[in-house]
Amino acid sequence: MKERFDRELSALGSGGLGKEEGRRVFLLCAVGLLSFTLTLVSFFTWREGASEGEIAQTASRIEEFFSENEAVSVFFGWETADGDGAP
Amino acid sequence: MGTALRKGVAALPALSLLLYLFLSESPAMLLLFFGALVFHEWGHLCAFLLLGHPVPALSLTGAGMRLSSPLPLLPREELWIALAGPLFNLLAALAALRFGAGTFALSFAAVHFLFALGNLFPFGGSDGERLLSLFLSRFFPRAAAWALRFFRALFLSFFFFCSLFLYYLKGSGLCGVIFSLFFLLEDKKAEINVF
């Protein structure tokens, strides 16, 4: 712990984060941004019913489960306990 | 040559699954799938770096990808790192269900949920296998190696027959059949290092 503290302190003293720390931050941001971008592009290219592969079929089965299960619908706020609303 | 062939065979489950997905899924669904994959690995990466480890190495395995630290991991650290990926996917799925609307949100939640669940199955070097290994080493150290092989074979067989049954009944689940069949034959130690 002390060694890491001294290493990071000396890195700050030299005027920057240090090469390793910079790499870590860059990688974290880059991977997070990649995931976000892929999801965003998927959202903008989404077409209803366009996919009929196995992921889409499995996803629709999970969708049915969540939609038809009243307790789950109430938990996620799709319906009130009286039964109004839809996902 | 033998080593290269073994390593090539080791990556076959993941590569065959990818090829199958490319042929059967829409571009938007594929992007969603890869977004979930990267988000899962981001979870592991966050755990590695928050625990103070250096940037981990990335390698390709039969199950997909694996991040590994050059430094040895404490059992507690390994627990958090293994949990982080599925946890990130699960939280994303729950957030989409709670705050999202429409079929995209439901599909997003389904894909992330599948990722979380799929990674908890204990085979192919998955997070589930690492968690099970930690649990068995902690509580049943003498029988850990044998028990891990037993549970691995049990889950794999169960997964294989469920996929086969689903394919017979509904015509879907073929990728589960292919995936589990390869894992029944794979060499676990053969990995391809990316960086």
Side-chain angles (χ1 to χ4, degrees), chain A residues 1-5 7-8 18-69 72-79 85-87, chain B residues 17 20-46 48-50 52-56 88 92-94 96-114 117 163 166-167 170-176:
Chain A
M1 184 68 128
K2 188 181 181 316
E3 284 173 4
R4 188 182 162 202
F5 178 80
R7 188 174 69 240
E8 292 191 1
K19 197 175 172 185
E20 177 65 22
E21 193 68 24
R23 253 181 99 201
R24 290 150 66 114
V25 171
F26 171 75
L27 201 59
L28 263 179
C29 294
V31 176
L33 194 62
L34 178 63
S35 172
F36 177 74
T37 306
L38 287 169
T39 306
L40 201 66
V41 174
S42 170
F43 176 73
F44 285 114
T45 56
W46 191 260
R47 296 283 178 269
E48 301 281 336
S51 189
E52 294 180 354
E54 294 208 4
I55 296 180
Q57 289 177 28
T58 309
S60 69
R61 285 198 195 98
I62 294 177
E63 287 169 37
E64 280 169 23
F65 169 77
F66 283 125
S67 304
E68 291 168 8
N69 192 315
V72 171
S73 298
V74 169
F75 177 77
F76 285 112
W78 302 338
E79 291 179 4
Chain B
L17 177 64
Y20 183 81
L21 291 176
F22 269 112
L23 295 174
S24 63
E25 298 290 347
S26 68
M29 184 60 87
L30 280 175
L31 287 168
L32 196 56
F33 175 83
F34 283 112
L37 171 69
V38 174
F39 193 70
H40 176 91
E41 297 304 326
W42 192 54
H44 288 310
L45 186 65
C46 288
F48 265 111
L49 300 183
L50 283 172
H53 281 264
V55 172
F88 266 50
L94 292 174
L97 288 173
R98 182 64 184 88
F99 302 111
T103 58
F104 179 79
L106 288 172
S107 296
F108 177 95
V111 170
H112 279 263
F113 182 71
L114 281 174
L117 190 66
S163 301
L166 193 67
Y167 183 67
K170 302 242 178 186
S172 66
L174 184 61
C175 67

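Chain naming here is simple, since letters A, B, ... match the order of the sequence lines and numbering starts at 1 in each.
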Practice task
Using the side-chain contact (heavy atoms from CB on, under 4.5 Å) rule, take B:L31 and A:W46 through it: C-alpha gap first, then chi angles, then the decisive distance, then the call.
Solution key: CA-CA 10 Å; B:L31 287 168; A:W46 191 260; over 6 Å; no
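Looking only at heavy-atom pairs under 4.5 Å with chain B, the residue among A:T45, A:V31, A:V41, A:L40 that has the most is A:V31.
Separating the CZ atom in B:F33 from the CG atom in A:L38 is a distance of 11.5 Å, to the nearest 0.5 Å.
B:H53 touches chain A through its backbone: at least one of N, CA, C or O sits under 4.5 Å from a heavy atom, while the side chain does not. Residue B:F108 touches chain A through its side chain alone, counting heavy-atom pairs closer than 4.5 Å. Only the side chain of B:L114 comes within contact range of chain A, judged by heavy atoms closer than 4.5 Å.
When side chains are defined from C-beta on, A:S42 counts as touching B:F104, because their heavy atoms get closer than 4.5 Å.
Closest approach of A:S35 and B:G35 over heavy atoms only: OG-O, 3.1 Å.
For the pair A:T39 (side chain) and B:L32 (backbone), a donor-acceptor distance under 3.5 Å is absent.
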